[in-house]
K.L.:
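Below: one structure in structure tokens.
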There are 2 protein chains.
Amino acid sequence: MASRAKATILDIAREAGVSKSTVSLVLQGSGLIRPETATKVRKAIEDVGYVYNRGAANLRKAHSNVIGMVINDLTNPFFAELAVGMERVFQAAGVVPFIANTAENPVRQEEVLKSLMEQGVAGLIVSPARGTSPGTFRRIETAGVPIVFTMRRLPDSRIPVIAPDNHRGAVLAAEHLIRRGHRRLAFFGGSSDLVVYQERLGGFLEACETLGIPAPDRLIVEGETNRKGGMACLETAFAVPQPPTAALCFNDAVAFGVMLALRKRGLEAGADFAVVGFDDVAEAEHYSPALTSVAVDTAGLGERAAHVMLKMIQSRTTRAENHIGAVSLVVRESSGPDRNSQVGDAA
Amino acid sequence: MASRAKATILDIAREAGVSKSTVSLVLQGSGLIRPETATKVRKAIEDVGYVYNRGAANLRKAHSNVIGMVINDLTNPFFAELAVGMERVFQAAGVVPFIANTAENPVRQEEVLKSLMEQGVAGLIVSPARGTSPGTFRRIETAGVPIVFTMRRLPDSRIPVIAPDNHRGAVLAAEHLIRRGHRRLAFFGGSSDLVVYQERLGGFLEACETLGIPAPDRLIVEGETNRKGGMACLETAFAVPQPPTAALCFNDAVAFGVMLALRKRGLEAGADFAVVGFDDVAEAEHYSPALTSVAVDTAGLGERAAHVMLKMIQSRTTRAENHIGAVSLVVRESSGPDRNSQVGDAA
DNA sequence: CGCTATAAATGGAACGTTCCAATAAATCAA
DNA sequence: TTGATTTATTGGAACGTTCCATTTATAGCG
């Protein structure tokens with residue numbers, strides 16, 4: 001049953017008894033064609049089983065209708081939520097997003113970007129992998145293809161960024177812990193080569209500073225940004241002479257890992273050790289105990305990024321404003337008061 | 001900085017002082033070109049910032065190097081794990097997988113498939129959305145583009161399927177529950193329009209049959225295949241006169257929902273009600289209590305699907321064998337014995 | 001030296017669209 | 001009727017590659 005040679009616009013022109021130009025016009029939904037002719041052509045398309053060759057079309061057209069979404073870790077549900085938000089917007093605009101996973105690997109990322117560019121994408125939405133080299137996006141920029149970073153940014157690039165207010169989120173979270181009476185605080189997970197890390201850690205430190213937690217009482221443990229990393233962080237923290245009683249985690253995945261490690265030690269998050277996450281993925285609410293986390297309006301950021309991208313494509317510019325999304329702390333069960341402190345507030 | 005007109009193969013030919021054919025040969029890594037010439041050309045490519053136009057190339061070449069991965073629910077970590085397995089294989093073969101999400105929506109699926117076809121994919125790996133109409137893949141088949149289904153299949157299509165042994169997995173799980181002394185069993189989540197559902201439910205019923213659980217003691221509750229659906233299932237089940245004491249869930253997401261609903265009622269999975277999931281996603285092991293689940297070797301199935309696809313492309317056939325992957329039951333904490341039964345085995 | 005064999009490089013015709021300029025047909029005004 | 005205007009349709013030249021058939025340069029051999 002393998003088909004004969006693929007049908008082209010000429011085949012269906014012959015079939016319908018019109019010229020290829022007419023067929024092309026029908027395909028583009030032009031109003032110049034007499035309705036009867038159009039239906040005749042559409043029938044031929046159906047009969048022949050023709051499939052439009054967008055590659056050929058793009059050879060002539062200025063812009064393609066596909067944009068690339070390059071994501072550093074698809075297994076993190078956070079990014080899936082982000083992707084869902086974007087897709088809604090793109091679908092409405094007749095743009096097709098192709099998602100590619102870099103698995104946090106800069107080499108893989110280069111390959112993926114190259115492929116996407118070769119495919120002629122109209123734009124790129126990227127959450128860059130860790131260790132992305134500064135020059136990675138140079139050539140894409142000079143090719144005039146619009147790029148938007150989401151969630152993550154590169155140290156000194158001028159590419160627009162759509163991200164949550166990481167600093168503010170971390171301040172809120174740290175203040176919350178301190179108000180609950182905790183005096184020895186930790187920051188768990190992430191590594192200093194990520195700008196996001198610097199922002200979140202910066203907020204954490206600032207809150208400590210203003211609310212009077214001295215440097216010796218602050219413990220910073222870098223680590224992988226997943227469950228495993230979180231577990232390792234907690235072990236490290238409990239090995240120091242004066243362990244912390246609460247931790248702000250780089251993201252929710254790390255927080256889940258911390259809670260798991262706690263349970264392995266027979267301790268309970270909230271009662272024995274306070275933990276706060278970042279991102280507020282769907283799972284946070286359902287976890288046990290439910291995870292206190294910094295909500296970043298993931299889907300909203302995704303939609304925002306998509307809108308910015310569409311506008312850039314439309315106005316054929318490679319510049320756009322950054323967008324820093326508002327954040328809020330969602331207090332749940334995992335961040336109980338310090339048990340040895342009288343200062344903890346009730347709720 | 002917006003670039004001038006895109007550089008083409010001719011521009012770099014001029015720059016390097018060779019013909020376009022030579023450049024093309026270099027691009028393809030042909031051995032016919034003198035090494036010095038090749039480096040000269042490569043330098044020109046670098047200088048000019050040329051990007052290869054794969055669309056134009058595909059106009060002449062038989063096959064493209066991109067395959068489409070169409071997935072019904074990217075937010076289910078199970079599919080992310082599956083995608084990761086495939087990517088490993090494709091990357092090694094120089095094939096670029098583009099992932100598209102259908103969000104379990106047949107209309108969206110049609111759009112996505114159309115786009116992918118127009119883009120000229122060499123093949124399609126699909127986990128079809130619920131309610132996919134039988135004709136959806138007809139035209140793709142007749143176009144000669146190889147398709148592989150993963151995890152799900154369509155009622156009577158002849159498209160090859162790579163999936164776990166759902167029937168066997170369900171039998172193992174149900175037997176396990178019955179051996180633990182449970183006598184009133186439920187099957188939670190999913191709906192009968194999915195073939196996978198029929199297979200898993202079929203296994204469940206068969207085990208009940210052979211181990212002597214009569215029909216009145218079997219409760220079947222259909223529902224969404226996510227946490228929310230699982231929660232709803234448990235509520236429904238507890239509303240009947242003689243509620244079940246154990247449940248096999250359509251997948252892990254449903255199982256997590258069930259455990260959550262149990263906790264809301266002050267009950268604990270394992271001690272008060274046994275729950276078994278299906279898929280054994282990474283999270284199952286880390287959950288609290290850890291979830292007993294049917295492991296399906298997700299990444300392995302992904303790799304398998306990718307290999308089958310590559311072979312189909314290579315041999316330009318649209319036919320291939322089905323592959324039913326082995327399954328195993330991973331017993332953890334969530335499936336304790338029936339507390340009112342003397343028959344439960346220890347461990 | 002001439003001749004052939006091999007190696008390296010090249011021109012030109014596709015590939016399947018779009019879009020402009022041109023044509024053909026239908027309508028209208030005078 | 002004729003010419004002007006509008007409405008539908010059409011041919012042909014791009015677009016950026018590949019690949020075949022050639023051409024040109026280089027080497028090998030007697």
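Lettering follows sequence order; numbering is per chain, from 1. None of these values were measured; they are calculated from a predicted model.
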K.L.:
Taking NZ from A:K6 and P from C:dG16, how many angstroms apart are they, rounded to a whole number?
P.N.:
10 Å
K.L.:
Pick one: which of B:D73, B:N72, B:T150 meets side-chain hydrogen bond (donor to acceptor under 3.5 Å, both in side chains) with B:S127?
P.N.:
B:N72
K.L.:
In whole angstrom, give the distance that lies between atom CD1 of A:I9 and atom P of C:dC15.
P.N.:
14 Å
K.L.:
Determine whether a donor-acceptor pair (N or O, by modelled atom type, separation under 3.5 Å) exists between the side chain of A:Q109 and the backbone of A:T102.
P.N.:
no
K.L.:
Using a cut-off of 4.0 Å between protein heavy atoms and nucleotide atoms, how would you tag nucleotides 8-14 of chain D 5' to 3' with B, S and -?
P.N.:
SSBBB-B
K.L.:
May I have the distance from A:L27 (atom CG) to C:dT17 (atom P), rounded to whole angstrom?
P.N.:
8 Å
K.L.:
Atom CD of B:E36 and atom P of C:dA8: how far apart are they, to the nearest Å?
P.N.:
10 Å
K.L.:
Tell me: CG of B:N58 to C1' of D:dC15, nearest whole Å?
P.N.:
15 Å
K.L.:
Considering the terminal five base pairs at each end of the helix from C:dC1-D:dG30 to C:dA30-D:dT1, what angle separates the two local helix axes, rounded to 10°?
P.N.:
50°
K.L.:
Would you find a donor on one side and an acceptor on the other, under 3.5 Å apart, between the side chain of B:D297 and the backbone of B:G300?
P.N.:
yes
K.L.:
State, to 0.1 Å, how close B:H63 and B:A122 come at their nearest heavy-atom pair, and which atoms those are.
P.N.:
ND1-CB, 4.3 Å
K.L.:
When the distance from CG of A:N65 to C1' of C:dT17 is rounded to whole Å, what number comes out?
P.N.:
14 Å
K.L.:
Partners of A:N76 by side-chain hydrogen bond (donor to acceptor under 3.5 Å, both in side chains), sequence neighbours excluded?
P.N.:
none
K.L.:
Between D:dT17 atom P and B:N53 atom CG, what is the distance in whole Å?
P.N.:
5 Å
K.L.:
Once you round it to whole Å, what is the distance between C1' of C:dC15 and NZ of B:K61?
P.N.:
13 Å
K.L.:
Could you tell me whether the side chain of A:R153 and the main chain of A:V161 form a donor-acceptor pair under 3.5 Å?
P.N.:
no
K.L.:
Write out all pairs satisfying salt bridge (Lys or Arg N to Asp or Glu O under 4.0 Å) with one or both partners inside residues 44-58 of chain B, taking only residues at least two apart or from two chains.
P.N.:
A:E118-B:R54, A:R139-B:E46, B:K43-B:D47
K.L.:
For nucleotides 22-25 of chain C, list the nitrogen or oxygen atoms of the protein found under 3.5 Å from its nitrogen or oxygen atoms, one pair per line.
P.N.:
none

K.L.:
Could you pull out all residues at least two apart from A:R42 that satisfy salt bridge (Lys or Arg N to Asp or Glu O under 4.0 Å)?
P.N.:
none
K.L.:
Would you say the side-chain atoms of A:N58 pair up with the backbone N or O of A:K61, donor to acceptor, closer than 3.5 Å?
P.N.:
no
K.L.:
Roughly how far, to the nearest 0.5 Å, is the CG atom of B:N65 from the CD1 atom of B:I313?
P.N.:
9.5 Å
K.L.:
Once you measure the plane-to-plane angle for A:F137 and A:F149, does it fall in the parallel (<30°), tilted (30-60°) or perpendicular (>60°) bin?
P.N.:
perpendicular
K.L.:
Under 4.0 Å between a side-chain N or O of A:Q28 and OP1 or OP2 of C:dT17?
P.N.:
no
K.L.:
What does A:S24 touch in the nucleic acid at a heavy-atom separation under 4.0 angstrom: a base, only the sugar-phosphate, or nothing?
P.N.:
base
